Asks: 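Structure incoming, see below.
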There are 2 protein chains.
Amino acid sequence: MATLTTQQLAQASGVHAETIRYYERIGLLPAPPRAANGYRRYGADAVTRLGFIRRARELGFAIEDIRGLLDLAAHPDAPCRDADALVQRQLEAVAARIRDLQALHSALQTLAGCDSDAAAHCRLLETLENRACPQCDAQHAATA
Amino acid sequence: MATLTTQQLAQASGVHAETIRYYERIGLLPAPPRAANGYRRYGADAVTRLGFIRRARELGFAIEDIRGLLDLAAHPDAPCRDADALVQRQLEAVAARIRDLQALHSALQTLAGCDSDAAAHCRLLETLENRACPQCDAQHAATA
DNA sequence: CTTGACTCCGTAGTGGCTACAGGGTTCAGC
DNA sequence: GCTGAACCCTGTAGCCACTACGGAGTCAAG
């Protein structure tokens with residue numbers, strides 16, 4: 001039967017070889033048997049499991065969450081309530097992060113496009129220094 | 001003249017005391033004079049500088065960026081081109097992050113609200129296992 | 001005199017990798 | 001048989017921006 005080296009598994013799964021070893025170290029991927037020379041020899045199940053992990057990471061799940069999901073996936077008869085709860089929590093976390101970043105984006109937009117000659121009248125620096133500067137505001141309004 | 005302890009500076013600036021010591025260690029905040037007992041004694045300028053740093057962090061700027069911004073703020077006659085370039089880069093980075101998260105959010109939404117009795121028919125696990133499962137899809141469509 | 005809240009310093013931990021350093025193995029070509 | 005490239009191994013340190021801890025000194029109130 002065909003076995004894969006770490007590098008081949010990396011190519012087949014889309015996960016870097018060093019990351020594969022890292023996953024083994026933290027117990028996310030079981031240690032495979034070794035060849036006589038000490039090289040790891042992976043079977044097809046490793047490709048499957050690593051693909052699972054990669055997709056879960058792409059969905060933003062934490063390593064610890066993924067441990068739970070792998071457990072769940074190993075018990076096809078268990079209710080998927082836990083998995084769904086994880087999805088809900090993840091959705092809420094992502095939504096919150098998006099809201100934060102959108103607020104950040106608006107704040108940055110009010111500071112962008114400043115081409116003042118002097119840093120003293122720069123909108124960004126005004127803001128960071130918490131300065132009220134009517135002269136600067138007027139100038140910005142005029143040039144806008 | 002009034003001086004502040006680390007804790008008092010923390011309260012005045014909204015930055016944790018341990019973070020203040022961290023900023024001193026990495027050279028972002030200058031080391032203040034010490035009292036006879038070895039305690040740090042901050043003046044009002046530290047409140048200003050730390051406020052600047054805090055606001056810049058809230059805008060998502062990296063520590064290294066903030067070093068540059070502090071330099072810039074110390075030279076009021078320098079053109080603010082560099083600051084504006086930093087804002088533009090930051091805006092683009094935030095926008096990209098938002099786009100990524102929105103894609104993630106959509107992906108998660110198609111997986112949410114699964115209340116299957118068996119993990120084998122859970123939409124999340126199907127996706128993670130990269131399984132095509134017409135039976136599951138039909139069931140989900142029917143219960144949706 | 002004790003209690004509890006502060007201060008100090010240095011180090012280690014967080015998450016999820018990534019990048020070495022310093023060695024061994026394999027294989028193709030000469 | 002030799003060389004060199006490309007792989008493999010282990011273990012450790014680095015990334016970011018903190019945060020938490022251990023162990024010790026200091027200080028004001030009761």
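Protein chains get the first letters and strands the later ones, always in sequence-line order, with residue 1 at the start of each. This structure is a prediction, so every number in the text was calculated from the model and none was measured.
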Asks: Would you indicate which nucleotide in D:dC21, C:dT25, C:dA19 comes nearest to any side-chain atom of A:N37?
Replies: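 Shortest atom-to-atom distance from the side chain points to C:dT25.
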Asks: Are A:Y23 and A:L9 co-members of a hydrophobic cluster defined by side-chain heavy atoms under 4.5 Å apart?
Replies: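 Result: yes, single cluster for both.
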Asks: Check A:L70 against A:R49 and note the closest heavy-atom contact, atom names and distance.
Replies: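 The pair with the smallest heavy-atom distance is CD1-NH2, 3.6 Å.
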Asks: Can you check whether any acceptor in the base of C:dG24 is under 3.5 Å from a donor in the side chain of A:Y39, or vice versa?
Replies: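 Counting by modelled atom types and ignoring angles, a donor-acceptor contact under 3.5 Å is found here.
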Asks: For B:Q8 and D:dA28, give me the distance from atom CD to atom P, rounded to whole Å.
Replies: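 Atom-to-atom, B:Q8 to D:dA28, this comes out as 12 Å.
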Asks: Rounded to the nearest Å, what distance is computed from the CD1 atom of residue B:I26 to the P atom of nucleotide C:dC9?
Replies: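 Answer to the nearest Å: 16 Å.
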Asks: Give a yes or no on whether a donor-acceptor pair under 3.5 Å exists between the nucleobase atoms of C:dG15, that is its base, and the side chain of A:Y22.
Replies: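 Side chain to base: no pair present.
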Asks: OP1 or OP2 of D:dC18 sitting under 4.0 Å from any side-chain N/O of B:Y23?
Replies: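 For D:dC18, OP1/OP2 do have a side-chain N/O of B:Y23 under 4.0 Å.
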Asks: Across the strands shown, which category fits B:A17 at heavy-atom distances under 4.0 angstrom: base, sugar-phosphate, nothing?
Replies: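 Here B:A17 touches no strand at all.
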Asks: Please give me the minimum heavy-atom distance between A:R123 and A:T110, naming the atom from each residue.
Replies: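 Of all heavy-atom pairs spanning A:R123 and A:T110, the closest is NH1-O, 3.4 Å.
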Asks: Separation of B:D65 atom CG from D:dA17 atom C1', in whole Å?
Replies: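 For the pair B:D65 CG and D:dA17 C1', the rounded distance is 13 Å.
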Asks: For A:R34 and C:dG24, give me the distance from atom CZ to atom C1', rounded to whole Å.
Replies: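 Going from A:R34 (CZ) to C:dG24 (C1'), I get 13 Å.
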Asks: Find which nucleotide of DNA chain D each of B:A36 and A:Q7 is nearest to by heavy atoms, and output the residue with the more 5' nucleotide.
Replies: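 Counting from the 5' end, the first nearest nucleotide belongs to A:Q7.
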Asks: For the backbone of A:T5 and the side chain of A:Q8, can you confirm whether one donor and one acceptor N or O come within less than 3.5 Å of each other?
Replies: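 Flag set: sc A:Q8 to bb A:T5 pair under 3.5 Å.
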Asks: Look at the side-chain N and O atoms of A:T5 and state whether any lies under 4.0 Å from the OP1 or OP2 oxygen of D:dC8.
Replies: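 Checking D:dC8 against A:T5, a side-chain N or O does come within under 4.0 Å of OP1 or OP2.
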Asks: Given atom CD of A:E24 and atom P of C:dC17, what is their separation to the nearest angstrom?
Replies: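 Rounding to the nearest Å, CD of A:E24 and P of C:dC17 are 15 Å apart.
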Asks: Counting only side-chain nitrogens and oxygens, does A:H16 get under 4.0 Å of the OP1 or OP2 atom of C:dT18?
Replies: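 Yes, because at least one side-chain N or O of A:H16 sits under 4.0 Å from OP1 or OP2 of C:dT18.
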Asks: Minimum heavy-atom separation for B:L69 to A:L125, with atom names?
Replies: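 Here B:L69 and A:L125 meet closest at O-CD2, 3.9 Å.
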Asks: Please report the distance, rounded to the nearest Å, between CZ in B:R41 and C1' in D:dT26.
Replies: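 The answer, rounded to whole Å, is 12 Å.
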Asks: According to a strict under-4.0 Å criterion, is A:T19 in side-chain N/O contact with OP1 or OP2 of C:dT18?
Replies: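 So the side-chain polar atoms of A:T19 do come within 4.0 Å of the phosphate oxygens OP1 or OP2 of C:dT18, strictly under.
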Asks: Which part of the nucleic acid, if any, lies within reach of B:F61 when heavy atoms closer than 4.0 Å are counted: base, sugar-phosphate only, or nothing?
Replies: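 If one applies the 4.0 Å heavy-atom cut-off, B:F61 turns out to touch nothing in the nucleic acid.
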Asks: Tell me: CD of B:E18 to P of C:dT7, nearest whole Å?
Replies: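 Going from B:E18 (CD) to C:dT7 (P), I get 11 Å.
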Asks: At under 4.0 Å, does any side-chain N or O of B:R21 touch on OP1 or OP2 of D:dT19?
Replies: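 No, B:R21 has no side-chain N/O under 4.0 Å of OP1/OP2 on D:dT19.
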Asks: Establish, with yes or no, whether the OP1 or OP2 oxygen of C:dT7 is under 4.0 angstrom from a side-chain nitrogen or oxygen of B:R40.
Replies: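 Answer is no, no contact under 4.0 Å.
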Asks: Using whole Å, what does the distance between atom C1' of nucleotide C:dG16 and atom CD of A:E58 come to?
Replies: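 These atoms are roughly 15 Å apart.
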